[in-house]
There are 2 protein chains.
Amino acid sequence: MARAPRHGPYTCGIDAALDVVSGKWKGFILWELEVHGVRRFAELRRGMPGVSEKMLTQHLREMEEDGLVHREVHAEVPPRVEYSLTEHGRTLNQALGPLGAWGGERMRREGLEVATAEIPQG
Amino acid sequence: MARAPRHGPYTCGIDAALDVVSGKWKGFILWELEVHGVRRFAELRRGMPGVSEKMLTQHLREMEEDGLVHREVHAEVPPRVEYSLTEHGRTLNQALGPLGAWGGERMRREGLEVATAEIPQG
DNA sequence: CTGTATCCCTGGCGATACTG
DNA sequence: CAGTATCGCCAGGGATACAG
């Protein structure tokens, strides 16, 4: 069971939204699917150097549970699974827009570094 | 040192913003200071049944470090310390607005419960 | 290719006691 | 009143191996 003790009583909408976005890679998944529309498991994985299969699967499953992500399995060999945003996930991304802009500002102000998706630190 | 391994390279603005808001009570602190303008330590504490002094202090310090919260110490006996939002904190709250609305929608849709701030579960 | 299963470790958080 | 110091739990997350 995923993140069971959460989905608990919330103090406000921020809490309820944060619960759904909390997870080391969820912001990035949302962004990838927003930009690319549809992505396969391995494509997402390549976009996030450092993520383990376990965590990627787990995050994807939780986001599916939360109705943010649509998972389409094609009965082929080799298997092909495609992920995309639901309408619900798209509205979340829109709500995240101003926050992302604020964060971008913060990075500029504080001179914080951007993780380049292509360099896995080694 | 607070949350040291973070403030790390971010994949995007969402990441950078989430880093600053992550923490069990930070959303609530932001909200309290938005509504009340100025709050003392004990007032915040009373508003959040269940929080420990340690966590409240820690969160407040991190938010001060991050430039979200202003801490004003009055040299009196008994001591009086007042917390308020910085301009920076206020713009974060504004950026959080749409997300809060989305979360509120989610709670309504899913029939999720609201934690009443007055009932500490027992 | 797309996942499960297992083990382990870190750090976020809670509880309690003590201090200026 | 407004904190600090210490201890310990446990869930999130990483590494690795295995499976359909």
Side-chain angles (χ1 to χ4, degrees), chain A residues 1-8 11 15 18-29 38-66 69-84 120-122, chain B residues 1-8 11 15 18-29 38-66 69-84 120-122:
Chain A
M1 116 200 36
R3 205 178 56 264
R6 280 303 235 129
H7 286 277
T11 56
D15 244 38
L18 250 24
D19 186 29
V20 132
V21 173
S22 295
K24 191 166 179 183
W25 310 91
K26 287 189 181 176
F28 198 71
I29 293 173
V38 175
R39 296 245 93 177
R40 301 181 57 175
F41 187 85
E43 289 174 331
L44 286 170
R45 193 155 134 65
R46 271 192 295 276
M48 306 179 247
V51 72
S52 64
E53 285 124 5
K54 186 189 103 175
M55 285 316 299
L56 184 51
T57 301
Q58 185 176 309
H59 279 164
L60 252 10
R61 288 292 138 81
E62 290 179 5
M63 293 170 79
E64 196 189 354
E65 250 185 67
D66 290 335
V69 160
H70 174 66
R71 179 167 177 266
E72 182 118 25
V73 182
H74 299 266
E76 307 174 359
V77 175
R80 179 161 57 100
V81 180
E82 292 181 329
Y83 293 92
S84 56
Q121 315 289 29
Chain B
M1 118 198 35
R3 207 179 55 263
R6 279 303 234 130
H7 285 274
T11 56
D15 244 37
L18 249 26
D19 186 28
V20 132
V21 174
S22 294
K24 190 168 180 184
W25 311 91
K26 287 190 182 177
F28 198 71
I29 293 173
V38 174
R39 294 246 95 177
R40 300 181 58 175
F41 187 84
E43 289 175 331
L44 286 170
R45 194 156 134 63
R46 272 193 296 274
M48 306 180 246
V51 73
S52 63
E53 285 124 7
K54 186 188 108 178
M55 285 317 299
L56 184 51
T57 301
Q58 186 176 310
H59 280 163
L60 252 9
R61 288 292 138 82
E62 291 178 5
M63 293 170 80
E64 196 189 351
E65 249 186 67
D66 290 336
V69 161
H70 173 66
R71 180 169 177 264
E72 181 119 24
V73 182
H74 298 268
E76 303 174 359
V77 174
R80 181 162 56 101
V81 180
E82 293 181 331
Y83 294 92
S84 56
Q121 314 288 29

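Below, read A as the first sequence line, B as the second, and so on, with proteins coming before strands; counting in each chain starts at 1. On a predicted model such as this, the values are computed, not experimentally measured, just so you know.
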Answer yes or no: does a side-chain N or O of [X] lie under 4.0 Å from OP1 or OP2 of [N]?
X	N	value
Arg39(B)	dA2(D)	no
His59(A)	dG13(D)	yes
Arg45(A)	dG3(C)	no
Arg61(B)	dT4(D)	yes
Trp25(A)	dG14(D)	yes

Check the distance between [N]'s [atom2] and [X]'s [atom1] and give it to me in whole angstrom.
X	N	atom1	atom2	answer
Leu60(B)	dT4(D)	CG	P	11 Å
Leu56(A)	dT2(C)	CG	P	10 Å
Arg46(A)	dC1(C)	CZ	C1'	10 Å
Glu72(A)	dG3(C)	CD	C1'	17 Å
His74(A)	dG3(C)	NE2	P	11 Å
Met55(A)	dT10(C)	CE	P	17 Å
Phe41(A)	dT4(C)	CZ	P	8 Å
Gln58(B)	dA5(D)	CD	P	13 Å

Side-chain donor-acceptor contact under 3.5 Å, Glu72(A) with His70(A):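 Yes, side-chain donor-acceptor contact under 3.5 Å.
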
Is it the case that the side chains of Arg71(B) and Tyr83(B) hold a donor-acceptor pair, with the cut-off being a distance below 3.5 Å and no angle test?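 Looking only at side-chain atoms, Arg71(B) and Tyr83(B) do form a donor-acceptor pair, the distance falling under 3.5 Å.
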
Would you mind telling me which of [options] lies closest to the side-chain atoms of [X]?
X	options	answer
Glu53(A)	dT4(C), dC13(C), dG3(D)	dT4(C)
Pro78(A)	dA15(D), dC1(C), dT4(C)	dC1(C)
Ser52(B)	dG13(D), dG14(C), dG3(C)	dG14(C)

Both Pro79(B) and Ala42(A) contact DNA chain C. Taking the nearest nucleotide for each, which residue is further toward the 5' end?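 Upstream on the strand: Ala42(A).
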
Which comes earlier along DNA chain D counting from the 5' end, the contact point of Arg40(B) or that of Lys54(B), where each point is its nearest nucleotide?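 Final value for this comparison: Arg40(B).
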
Check Arg46(B) against Pro49(B) and note the closest heavy-atom contact, atom names and distance.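 Minimum heavy-atom separation between Arg46(B) and Pro49(B): O-CD, 3.9 Å.
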
Atom NZ of Lys24(B) and atom CD1 of Ile29(B): how far apart are they, to the nearest 0.5 Å?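 Result: 12.5 Å between the selected atoms.
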
Rounded to the nearest 0.5 Å, how far does CG of Leu44(A) lie from CD of Glu82(A)?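 Interatomic distance, Glu82(A) CD to Leu44(A) CG, rounded to 0.5 Å: 11.0 Å.
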
